[in-house]
Chemist: 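Submitted below is the structure of interest, expressed as structure tokens.
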Amino acid sequence: MGALEADLKNFFGTLDHNWIIKFVQHRIGDPRIISLIKRWLKAGVMEGKDVYVSETGTPQGGSISVLLSNIYLHYVLDLWFEKAIKPRLKGESYLIRYIDDFVVCFQYRSDAIRFGKVLMKRLRKFSLELEPNKTRLEEFGRFASKHALEKGRKLETIYFLGFTHYCTKNRKGNFMVGRKTEKTRFKRSVNKIQEVLRTIRHWPIKDQVEKINQILRGHYNYYGMAGNLWLITKIYKITERYWRRMLSSRSQKSYITWEKFNKIKSIFPLERPKLSIPFSELKMYAKL
């Protein structure tokens, strides 16, 4: 099976206002709602005392921008793929999209190549284009490991929504998709935790723990997927070591030994690593 991993270039800034209104009018007949959306789109940007009216795109940070963008791509990409592309392909295919990031899976490489060519034409029609640095065609699936070994090349992976998806095997030796935190996202999470710990180092320990645990819970809830336990545990270990370091730097006489630090943790425990989606529930969310 092949996979086309793609991202759209400057997506929010290039949406065609005329097409957006046409797509919204397909489901909404109230002229007052249409008028309000038009005013949202024409809000523009203020730089100093100057206001620049936007002719394309949606307002950055606007409350309706993500909604309108999803409506736009529903008609441009999702509906088009289901109604016009799928029936013409030789094998199975699936499209998975989150806002402007999407992955398209194909049973046959020839289908993937054909789709890549017509996709460019389709996007140009609606003033969109692919980001070349984030778009690539890769072999992925149960035979990818065998083919990579035969050709003497590295096994390819897919980066999507902060995860690295890779080919692996389960305990029975059957193919399965493995997932782990993507490298840049992992570094970003570490940097965020360290920055927060530096900021709150002089807070009362009870308040520090509450703040740290908020960050850890959020990280576990998103990245705590089956197979990724070792990386969320690594985040916990890094947080633990850096917190001790920050407590030891509060003054010249505040060095904290590991023995003393463990006593502090027994009173104010850090949130332990926890999978939000264990293997027992993974089949509910994934179609293999």
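When a residue number appears, it is its place in the shown sequence, counting from 1. Any value given below was found using the heavy atoms of this structure, including those in side chains, with hydrogens, waters and symmetry copies removed. Here the structure is a predicted model, which is why all the values come from computation and not from measurement.
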Chemist: Y255 and I205: same hydrophobic cluster, using ILVMFWY side-chain contacts below 4.5 Å?
Modeler: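 No.
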Chemist: Which heavy atom of T157 sits nearest a heavy atom of R136, and at what distance?
Modeler: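 Distance-wise, the nearest heavy atoms are O-NH2, 3.2 Å.
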Chemist: Would you find a donor on one side and an acceptor on the other, under 3.5 Å apart, between the side chain of D16 and the backbone of S127?
Modeler: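 Checked: no pair found.
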Chemist: Describe, in one word, how the ring planes of F160 and H165 are oriented to each other, choosing from parallel (under 30°), tilted (30 to 60°) and perpendicular (over 60°).
Modeler: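 Geometry flag for H165 against F160: tilted rings.
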Chemist: Are any non-hydrogen side-chain atoms of R241 and W258 less than 4.5 angstrom apart?
Modeler: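 In short, these two side chains touch, coming nearer than 4.5 Å.
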Chemist: Okay, side chain of T181, backbone of F186: is any donor-acceptor separation there less than 3.5 Å?
Modeler: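 Answer holds: no.
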Chemist: For the CD atom of E138 and the SG atom of C105, what is their distance to the nearest 0.5 Å?
Modeler: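 Result: 10.5 Å between the selected atoms.
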Chemist: Does a side-chain heavy-atom distance below 4.5 Å link F102 with L8?
Modeler: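 Yes - at least one pair of side-chain heavy atoms lies under 4.5 Å apart.
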Chemist: Hey, what do you get for CD1 (I200) to CE (M246), rounding to the nearest 0.5 Å?
Modeler: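 Nearest 0.5 Å value for the CD1-CE distance: 10.5 Å.
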Chemist: Please assess T184 against E182 for the test side chain to side chain donor-acceptor pair (under 3.5 Å), listing each intermediate value before the final yes or no.
Modeler: CA-CA 6 Å; T184 57; E182 199 265 321; 2.2 Å; yes
Chemist: Please step through ring pair (Phe, Tyr, Trp, His ring centres under 6.0 Å) for the pair Y223 and F163, ending with a clear verdict.
Modeler: CA-CA 8 Å; Y223 292 105; F163 285 92; 5.4 Å; yes
Chemist: Please report the interatomic distance OG(S248) to NZ(K260), rounded to the nearest 0.5 Å.
Modeler: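 Nearest 0.5 Å value for the OG-NZ distance: 8.5 Å.
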Chemist: Just verifying a value: how many Å separate Q194 CD and Y242 OH, rounded to the nearest 0.5 Å?
Modeler: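 Rounded to the nearest 0.5 Å, the CD-OH separation comes to 5.0 Å.
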Chemist: Report yes or no: does S35 contribute a side-chain atom to a donor-acceptor pair with the main-chain N or O of R32 at less than 3.5 Å?
Modeler: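 No, S35 side chain to R32 backbone: no donor-acceptor pair under 3.5 Å.
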Chemist: Is R179 close enough and on-axis enough to Y166, meaning under 6.0 Å and within 45°, for cation-pi?
Modeler: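 No - R179 does not lie over the ring of Y166 by the 6.0 Å and 45° rule.
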Chemist: Search all heavy atoms of P278 against all heavy atoms of A226 and return the closest pair with its distance.
Modeler: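 Heavy-atom minimum between the residues: C-CB, 3.7 Å.
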Chemist: Please check if the side chain of D207 supplies one atom and the backbone of W203 the other of a donor-acceptor pair under 3.5 Å.
Modeler: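 Judged by distance alone, no pair lies under 3.5 Å.
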Chemist: Is the backbone of L161 close enough, under 3.5 Å, to the side chain of D101 for a donor and an acceptor to pair up by distance?
Modeler: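 Side chain of D101 to backbone of L161, a donor-acceptor pair under 3.5 Å: no, none is there.
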Chemist: Does atom NZ of K265 have more than 12 heavy-atom neighbours from other groups under 6.0 Å away?
Modeler: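 Buried by this count: over 12 neighbours within 6.0 Å.
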Chemist: Answer yes or no: is there a donor N or O on one side and an acceptor on the other, between the side chain of N221 and the main chain of R217, under 3.5 Å?
Modeler: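 Judged by distance alone, yes, a pair lies under 3.5 Å.
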Chemist: Do N70 side-chain atoms and D100 backbone N/O form a donor-acceptor pair below 3.5 Å?
Modeler: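 No, the answer is negative, given that no donor and acceptor are paired below the 3.5 Å cut-off.
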Chemist: Looking at side-chain heavy atoms only, is the closest gap between S249 and R201 below 4.5 Å?
Modeler: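 The answer is yes, as the side chains (C-beta and beyond) meet within the 4.5 Å cut-off.
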Chemist: Looking at CG of L89 and CG of D111, how far apart are the two atoms once the value is rounded to the nearest 0.5 Å?
Modeler: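 It is 4.5 Å, given to the nearest 0.5 Å.
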Chemist: Following the transitive rule for hydrophobic clusters with a side-chain heavy-atom cut-off under 4.5 Å over Ile, Leu, Val, Met, Phe, Trp and Tyr, establish whether V177 and Y159 coincide in one cluster.
Modeler: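 No, no single cluster joins them.
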Chemist: Measuring from atom CG of D78 to atom CD1 of I71, what distance do you get when rounded to the nearest 0.5 angstrom?
Modeler: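 Separation between the atoms: 12.0 Å.
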Chemist: Would the distance check show the side chain of Q25 and the main-chain N or O of I34 forming a donor-acceptor pair, the cut-off being under 3.5 Å?
Modeler: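 Answer holds: no.
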Chemist: Determine, step by step, whether L270 and W243 satisfy the side chain to side chain contact (heavy atoms under 4.5 Å, CB included) criterion, reporting the C-alpha distance in whole Å, the side-chain angles of both residues, the deciding distance to 0.1 Å, and the verdict.
Modeler: CA-CA 10 Å; L270 293 178; W243 185 36; 3.9 Å; yes
Chemist: List the steps and the verdict of side chain to side chain donor-acceptor pair (under 3.5 Å) for Y94 and E92.
Modeler: CA-CA 7 Å; Y94 304 93; E92 294 185 43; 2.6 Å; yes
Chemist: Report, as yes or no, whether the 6.0 Å neighbourhood of atom NE2 on H26 holds more than 12 heavy atoms from other residues, nucleotides or ligands.
Modeler: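 At most 12 heavy atoms, drawn from other residues, nucleotides or ligands, come within 6.0 Å of this atom.
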Chemist: Give the C-alpha distance, both sets of side-chain angles, the deciding distance and a yes or no for side chain to side chain contact (heavy atoms under 4.5 Å, CB included) between V196 and I212.
Modeler: CA-CA 8 Å; V196 170; I212 295 169; 5.8 Å; no
Chemist: To check you understand the geometry: which heavy-atom pair defines the closest contact between N228 and K180, and what is its length?
Modeler: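 That closest heavy-atom pairing would be OD1-CA, 3.2 Å.
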Chemist: Assess the residue pair S110 and K90 against the criterion (side chain to side chain donor-acceptor pair (under 3.5 Å)); give the C-alpha distance rounded to whole Å, side-chain angles, the decisive distance to 0.1 Å, and a yes or no.
Modeler: CA-CA 9 Å; S110 58; K90 292 188 292 184; 3.3 Å; yes
Chemist: So which heavy atom on G91 is nearest to which on Q107, and how close?
Modeler: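 It is CA-OE1, 3.4 Å.
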Chemist: Assess the residue pair I232 and L216 against the criterion (side chain to side chain contact (heavy atoms under 4.5 Å, CB included)); give the C-alpha distance rounded to whole Å, side-chain angles, the decisive distance to 0.1 Å, and a yes or no.
Modeler: CA-CA 9 Å; I232 63 174; L216 290 177; over 6 Å; no
Chemist: Is there a side-chain contact between L229 and P273 in this structure, where contact means two heavy atoms from C-beta onward sitting under 4.5 Å apart?
Modeler: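 A side-chain contact under 4.5 Å exists here.
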Chemist: Determine whether L68 and V24 make a side-chain contact, defined as any pair of heavy atoms from C-beta on separated by less than 4.5 Å.
Modeler: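 Yes; the side chains approach each other to less than 4.5 Å.
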Chemist: Ignoring hydrogens, what is the shortest heavy-atom contact between T199 and E195? Give both atom names and the distance.
Modeler: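 Nearest heavy atoms, T199 then E195: OG1-O, 2.9 Å.
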Chemist: Tell me whether R97 contacts the main-chain N or O of I99 through its side chain, where contact means a donor paired with an acceptor under 3.5 Å.
Modeler: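 Here the side-chain-to-backbone pair exists.
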Chemist: Which pair of heavy atoms, one from L137 and one from A112, lies closest together, and at what distance?
Modeler: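 What the structure gives for the nearest pair is CD1-CB, 3.6 Å.
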Chemist: Can you find a pair of side-chain heavy atoms, one from F115 and one from V104, that are under 4.5 Å apart?
Modeler: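 Heavy-atom side-chain distance check passes, below 4.5 Å.
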Chemist: Would you call the rings of F23 and Y75 parallel, tilted or perpendicular if under 30° counts as parallel and over 60° as perpendicular?
Modeler: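 Rings of F23 and Y75: parallel, as their planes differ by under 30°.
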Chemist: Between L128 and R124, is any pair of side-chain heavy atoms under 4.5 Å apart?
Modeler: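 Not touching, per the 4.5 Å side-chain cut-off.
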Chemist: Test V190 against I235 for side chain to side chain contact (heavy atoms under 4.5 Å, CB included), laying out the working first.
Modeler: CA-CA 7 Å; V190 171; I235 281 285; 3.8 Å; yes
Chemist: Output yes when a side-chain donor or acceptor of T135 lies under 3.5 Å from a complementary backbone atom of E131, and no otherwise.
Modeler: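 Side chain of T135 to backbone of E131: a pair is present.
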Chemist: Report yes if the side chains of Y220 and S276 come closer than 4.5 Å at any heavy-atom pair, otherwise no.
Modeler: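 The answer is no, as the side chains (C-beta and beyond) never meet within the 4.5 Å cut-off.
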Chemist: Under 4.5 Å between side-chain heavy atoms, counting indirect links through other Ile/Leu/Val/Met/Phe/Trp/Tyr residues: same cluster for V66 and I96 or not?
Modeler: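 Same hydrophobic cluster.
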Chemist: Could you check R114 against Y108 for side chain to side chain donor-acceptor pair (under 3.5 Å), going step by step and ending with a plain yes or no?
Modeler: CA-CA 10 Å; R114 286 175 57 204; Y108 299 113; over 6 Å; no
